[in-house]
Amino acid sequence: MAEDLLIVSGSKEEQYRQLLPQLEGLLQGEEDIVANMANTAAALKEQFKWWWVGFYVVKGDELVLGPFQGPVACTRIKKGRGVCGAAWEQAKTLIVPDVEQFPGHIACSSFSKSEIVVPIVKNGIVTGVLDVDSEHLDHFDLTDQEYLEKIVGLLNF
Ligand code: SME
């Protein structure tokens, strides 16, 4: 079955508002977490044209690269390392307006200037993170946090 995403314009909040039910529809009825992470990354990239959007999955004491859209990226990140490892360790969303100011930031791409990392938490345990990078400084705010947290809540793991 063909799946088409309706790309919308308007304020960022409006874009998220229209994307959310479409994502719900896309993920509903599919049990496979890799398929759902892949479609989520693709839908976010298509709508927002961010530099990089993707998932890291907790495996043992590391985050391992999962489905993503954008340039190739680092494959393994230790707990507490970089923005992703810090978001995992702290189990909270981190918004980094200027990655150069973040101690220990892992530069997978020199084009990345700002970043948001949203942990995926199930029963109090972080099972992975959603990482979004922008080539613009100060690109993410509390609206992104609010909606990206809702979006990772749709994932079934
Ligand atoms: N910058 C991240 C690493 C992942 S890439 O940006 C895709 C970090 O500091 O954890």
Side-chain angles (χ1 to χ4, degrees), residues 3 5 7 12-13 15-16 19-20 22-23 26-27 30 32-157:
E3 297 285 359
L5 193 74
I7 301 302
K12 180 160 67 179
E13 184 151 20
Q15 293 180 56
Y16 275 118
L19 183 63
L20 200 57
Q22 295 191 73
L23 262 176
L26 201 56
L27 305 184
E30 176 51 67
D32 189 90
I33 186 61
V34 173
N36 283 343
M37 286 190 287
N39 260 343
T40 302
L44 288 169
K45 175 79 169 167
E46 226 184 319
Q47 175 63 50
F48 292 105
K49 316 284 183 222
W50 291 317
W51 178 253
W52 195 92
V53 48
F55 292 89
Y56 283 89
V57 178
V58 172
K59 293 192 177 165
D61 65 345
E62 292 179 318
L63 288 167
V64 181
L65 184 63
F68 69 95
Q69 296 273 317
V72 294
C74 332
T75 53
R76 288 172 189 269
I77 298 173
K78 292 273 185 211
K79 195 171 195 176
R81 295 281 320 281
V83 187
C84 291
W88 174 18
E89 191 168 60
Q90 296 168 35
K92 67 170 201 195
T93 297
L94 295 180
I95 297 173
V96 179
D98 179 355
V99 294
E100 288 188 8
Q101 304 303 316
F102 189 92
H105 167 256
I106 300 164
C108 290
S109 160
S110 57
F111 288 96
S112 173
K113 299 273 185 289
S114 60
E115 184 163 358
I116 182 169
V117 179
V118 181
I120 302 161
V121 186
K122 289 286 138 113
N123 303 319
I125 308 272
V126 178
T127 52
V129 301
L130 169 64
D131 179 18
V132 185
D133 288 37
S134 170
E135 70 273 43
H136 307 291
L137 282 167
D138 200 10
H139 200 76
F140 303 105
D141 58 22
L142 293 175
T143 300
D144 297 290
Q145 175 170 352
E146 179 188 341
Y147 282 93
L148 292 176
E149 286 177 355
K150 283 185 184 154
I151 287 168
V152 302
L154 299 174
L155 293 166
N156 49 334
F157 82 116

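Only a predicted model underlies this, so the values are computations on that prediction, with no experimental measurement involved. Every number for a ligand or one of its atoms is a count from 1 in the order of the listing.
For ligand 1, the atoms lying closer than 4.0 Å to a non-hydrogen atom of H105 are 1 (N), 9 (O). Interface atoms of ligand 1 facing E115, defined by a heavy-atom separation under 4.0 Å, are 1 (N), 2 (C), 6 (O), 8 (C).
A distance of 7.5 Å separates CG in L26 from CG in L5, rounded to the nearest 0.5 Å. Between F48 atom CZ and Y147 atom OH the span is 10.0 Å, to the nearest 0.5 Å.
Residue W52 places no N or O, backbone or side chain, under 3.5 Å from any N or O of ligand 1. Residue-to-ligand polar distances keep Y56 apart from ligand 1: every N/O pair is separated by 3.5 Å or more. For the pair D133 and ligand 1, the shortest N or O to N or O distance falls below 3.5 Å. The shortest N/O to N/O separation between I77 and ligand 1 does not fall below 3.5 Å.
With hydrogens and angles ignored, the 3.5 Å screen pairs no side-chain donor or acceptor of K113 with any backbone N or O of D138.
Given atom 8 (C) of ligand 1, the protein heavy atom at minimum distance is V83 N, 3.3 Å. Nearest to atom 5 (S) of ligand 1 among the protein's heavy atoms is C108 SG, 3.1 Å. At the top of the distance list for atom 4 (C) of ligand 1, counting protein heavy atoms only, stands D131 OD2, 3.3 Å. The closest protein non-hydrogen atom to atom 10 (O) of ligand 1 is C84 N, 2.8 Å.
For the residue pair T40 and N36, the shortest heavy atom distance occurs at OG1-O, 2.7 Å. In terms of heavy atoms, Q47 sits closest to I7 at OE1-CA, 3.5 Å.
Counting heavy atoms under 4.0 Å from ligand 1, residue V117 does not touch it at all. The proximity of F68 to ligand 1, defined as any non-hydrogen pair under 4.0 Å, does not occur for either the backbone or the side chain.
Separation of the Y56 and F68 ring centroids does not fall under the 6.0 Å cut-off.
Between K78 and E62, at least one side-chain nitrogen of the basic residue sits less than 4.0 Å from a carboxylate oxygen of the acidic one, meeting the salt-bridge criterion.
Two residues are said to be in side-chain contact when any heavy atoms from C-beta on lie closer than 4.5 Å; E115 and C84 meet this criterion.
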>> Determine whether V129 and I120 satisfy the following criterion, side chain to side chain contact (heavy atoms under 4.5 Å, CB included), listing intermediate values before the conclusion.
In response: CA-CA 5 Å; V129 301; I120 302 161; 5.8 Å; no
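With atom 9 (O) of ligand 1 as the reference point, the heavy atom nearest to it among V72, I106, V99, V53 is part of I106.
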